[in-house]
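Right, one structure below, let's go through it.
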Number of protein chains: 4
Amino acid sequence: MSRRDAPTADRPSRPAAEPTASGPDAKAPRPVTRGRVEKRQAILDAALVVFAREGYDRAGVDVIAAEAGVAKPTVYNHFGGKETLFREMVLSSAIRSRESSLAAIDALPVAPADLTAELLGLAHRLAVCFRDPRAWVLQRVLVTESAHFPDLLKEVVGDGTSRITEALAGRLALLGAAGRLDMPDPVRAAAHFFALTTGEVLTRSLNGARPTEAAELDAILAAGVDTFLRAFAADRCGG
Amino acid sequence: MSRRDAPTADRPSRPAAEPTASGPDAKAPRPVTRGRVEKRQAILDAALVVFAREGYDRAGVDVIAAEAGVAKPTVYNHFGGKETLFREMVLSSAIRSRESSLAAIDALPVAPADLTAELLGLAHRLAVCFRDPRAWVLQRVLVTESAHFPDLLKEVVGDGTSRITEALAGRLALLGAAGRLDMPDPVRAAAHFFALTTGEVLTRSLNGARPTEAAELDAILAAGVDTFLRAFAADRCGG
Amino acid sequence: MSRRDAPTADRPSRPAAEPTASGPDAKAPRPVTRGRVEKRQAILDAALVVFAREGYDRAGVDVIAAEAGVAKPTVYNHFGGKETLFREMVLSSAIRSRESSLAAIDALPVAPADLTAELLGLAHRLAVCFRDPRAWVLQRVLVTESAHFPDLLKEVVGDGTSRITEALAGRLALLGAAGRLDMPDPVRAAAHFFALTTGEVLTRSLNGARPTEAAELDAILAAGVDTFLRAFAADRCGG
Amino acid sequence: MSRRDAPTADRPSRPAAEPTASGPDAKAPRPVTRGRVEKRQAILDAALVVFAREGYDRAGVDVIAAEAGVAKPTVYNHFGGKETLFREMVLSSAIRSRESSLAAIDALPVAPADLTAELLGLAHRLAVCFRDPRAWVLQRVLVTESAHFPDLLKEVVGDGTSRITEALAGRLALLGAAGRLDMPDPVRAAAHFFALTTGEVLTRSLNGARPTEAAELDAILAAGVDTFLRAFAADRCGG
DNA sequence: TATGAATGAGGGTTCATTCAT
DNA sequence: AATGAATGAACCCTCATTCAT
């Protein structure tokens, strides 16, 4: 008769990794019914995955909803539509990515014993940030859809140098003041550091289209840091 | 100007394959083979414009056909469908772009009087190549659709270093042999030259989403060449 | 790769009802392929039927297309969308209806032998016009959707008295000049004629929701004409 | 009936307390269960407003609930669904409208000093009734949705002549008996009175789509009463 | 060969309705 | 009893693609 005869057990699937002990003696047989507020996050996560995999146009709201384990209108209840969902997903991902990048930069010591090793470590940390699917979508989807969402660019990256570049520039300036680096312009040096390390990684991986192997990643980053130090190390002419 | 520019003179003669350089002399004023083959080229040109502007999914075959001044089924007569049209357009554009980039590299003197000026000139020529809409589509559309046309990447760029990088590496190696540059690895240096110049231009313009002004372009390229020479000039430690 | 699967060779079928004699000796194998231009009229006819039956909102473009024997996008090729289709259908129906009503009025003799009989004949002719489904949609759908298509009213009926009322007023004025009617205001008399005859028919049939039987129709019209003549016949006080 | 199948008998619970006369005594002052019952009335009022403004299909339950200041499920708790809500709203409005019309008719004096003035007064009172939004919805929504709720017509208007017409017919018959009117059939005369007065008002206002100004209203009603008296006044031939 | 007309499939969005609180 | 959140079913519309001319 009606379409809701057995409300239980016919929920489509929801893999729902559920790392908790799902042993037979679970007290509360609570089904997968996760809290209401978590659905919003589930949709955002699913949107990240699907948008990153398919691109904006090819991504179907059906697919996102299915990936999130909700019905399609639920997406429209939480977010207004496909575009708003995309925007909020990008923005939240941007924040996460920026924070992780800033943290990576923050971990750069001001007075390192081995400058090369520390810069290499920074490059690796940043590369991890950039290769995190969560951030990867920024480098991929922003480029992909930037022409159609021009305002997203303004919100995510600043107008000129981004906050991340400025953060690194500050660190590099400290290293310069400490006599370890010799740069005409720390901001420019920071930009070039990114260009030589994470930028090269993205270029070589074709913005994530081709997975980069660990060895290749190491080589790229080592080469980038080496060139950077050839250009800006205070003792680059022997010492 | 709608789609009926030349209503007369469409004779059903020969397919007349390969409109590309049909002889060693590309300057010949085109023996006016007007009628059939030009439609194919018009469609390709329109496809370049529309695909670059809209992206693969958003680009409509109607729009491409209108832009080319032909009817929609004509597109299907010439090319098999949207995907084939996209592929052929990308490939032909890739060839054009590669040729212009190689030409720009070829113009780099082997024994320059002013190395900085010559490298700066190269950077400008390459930037022009990359900012040409014809080539821009490669940097933009390839990234955009690379996940959905993975084979196009293999065909356009090589597996590892591209032919363009190799060409520049050859020139840089000559400059190294001439004692003007000091590089551990010319290929790596070439890649870093691109990263510091055209790569930075693309980054700053957000892959073409934001138009870069001439002054900013100059500054970016000058900074990139400066860093490059700080790293690899043979006389970088004074001399 | 594209949104569609590769078009291999599995075109589904096209059942194509084919009500024509599909015997083996059909001379002209002409399928149902009615001329191109006729599809537009078929869609308009179907729209009239469906809109009249379902109302604007409930009417589905799918249903209209099926009723017309065309595919859904064909409706969108001919007309821009649901609203435009509705507008054009209403307008074309309005013209047809107005013409038939005007013709009915035109057939009213100027110097009738039996005035009562002639007015009754006019009432019947008008009632037929109004009960024609083609015109019925005007009285029904215009009322139904007038709030949402206010401009349609302005286009179909004039601002004040409609052309039809004016036409009847002209005839009544002639009858007044001929000494057969005695009216203070022919326009008002014409409006009241409609109110007493076709208006009553519509009221009693609840705007077409309830089919009126022939006998009831006769009675309504006879009563209306009688009242009209009681009010406006020149010899109403005996003569 | 609605877009969905009619919820015949699988409504899970909702005994539907039958707010209509739930016993032989309808006068019981209802034990003041305040707070609850007022919501029901608020929903009915909101439904009247929204259904009248938007029509059945375009009216959203969300909008009605918002207009009533309740949540959407509350509407479903009180009434079973959209269709039931519509029915109950129409019925309650019909009762109100009928009562007011009957009251207007009741106020018509049996032995008026000035018959014309009294009939004109009646016409104005009825016009006010019909122009009250509360009753207007009957003339508008009933026509609009009559095809889809045929039973509502049967319940609201009788099968043939409505109770209102009968009431007026009774009064007119009294006036006939008093020698003030001369009618072959009082019921028919009553129907024609409505057709010439309120019917004309509705026609000219296009069933409420176009607001009628006071002056125009006066003229319409005066003309209708005049024609009515030309037809049915006992002294219409001078006396 | 080039085209106007037609189509099947699918996308985004809304809505009446129900569940869990 | 009342509500926020969730859902299945359509609906309007678009697009890549193919006939028939």
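Quantities reported herein were computed from a predicted structural model and do not represent experimental measurements. So that the names make sense, note that chain A is the first sequence line, chain B the second, and so on, each numbered from 1.
- Heavy atoms of D:Ala65 sit nowhere under 4.0 angstrom from any nucleic acid atom.
- Taking side-chain N and O atoms only, D:His78 has no distance below 4.0 Å to OP1 or OP2 of F:dA1.
- E:dG8 atom C1' lies 15 Å from atom OH of C:Tyr76, rounded to whole Å.
- Whole-Å rounding puts the D:Phe86 CZ to E:dA16 P distance at 14 Å.
- Comparing A:Glu83 and D:Ala59, the nucleotide of DNA chain E nearest to each residue sits closer to the 5' end for A:Glu83.
- Nucleotide E:dC19 has F:dG4 as its partner under the Watson-Crick or G-U criteria, with both atom distances under 3.5 Å.
- For C:Asp62 and F:dA9, the CG to C1' distance is 13 Å, given to the nearest whole Å.
- Looking at B:Ile64 and B:Val49, their side chains never come closer than 4.5 Å, going by heavy atoms from C-beta outward.
- In this structure, OH of C:Tyr56 is placed 10 Å from C1' of F:dC12, rounded to the nearest angstrom.
- In this entry the distance linking CD1 of C:Ile43 with C1' of F:dC13 reads 15 Å, nearest Å.
- When all heavy atoms of A:Glu67 and A:Ala46 are compared, the pair lying nearest together is CG-CB, 3.5 Å.
- Atom CG in B:Leu85 sits about 16 Å away from atom P in F:dC15, given to the nearest Å.
- Interface remark: the C:Asn77 side chain does form a donor-acceptor pair with the E:dA6 base, using a distance-only criterion of under 3.5 Å.
- Between B:Tyr56 and B:Phe149, the ring-plane angle classifies as perpendicular under the 30° and 60° cut-offs.
- At a cut-off of 3.5 angstrom, counting only N and O atoms as typed in the model, there is a donor on one side and an acceptor on the other between the side-chain of D:Lys72 and the base of E:dT17.
- From A:His78, atom NE2 reaches atom NZ of A:Lys39 across 7.5 Å, with rounding to the nearest 0.5 Å.
- Ranked by how close their nearest DNA chain F nucleotide is to the 5' end, A:Ala71 and D:Ala71 are led by D:Ala71.
- Distances were taken from every side-chain heavy atom of D:Pro73 (C-beta onward) to each of E:dG12, F:dG4, F:dC19; the shortest belongs to F:dG4.
- In this structure, the CZ atom of C:Arg40 is 11 Å from the P atom of E:dA6, given to the nearest Å.
- Rounded to an integer number of Å, the gap from A:Glu38 CD to E:dA20 P is 17 Å.
- With the nearest nucleotide of DNA chain F identified for both B:Gly80 and D:Thr74, D:Thr74 has the one nearer the 5' end.
- Pairing each heavy atom of A:Gly55 with each of A:Glu145, the nearest pair is C-OE2, 4.3 Å.
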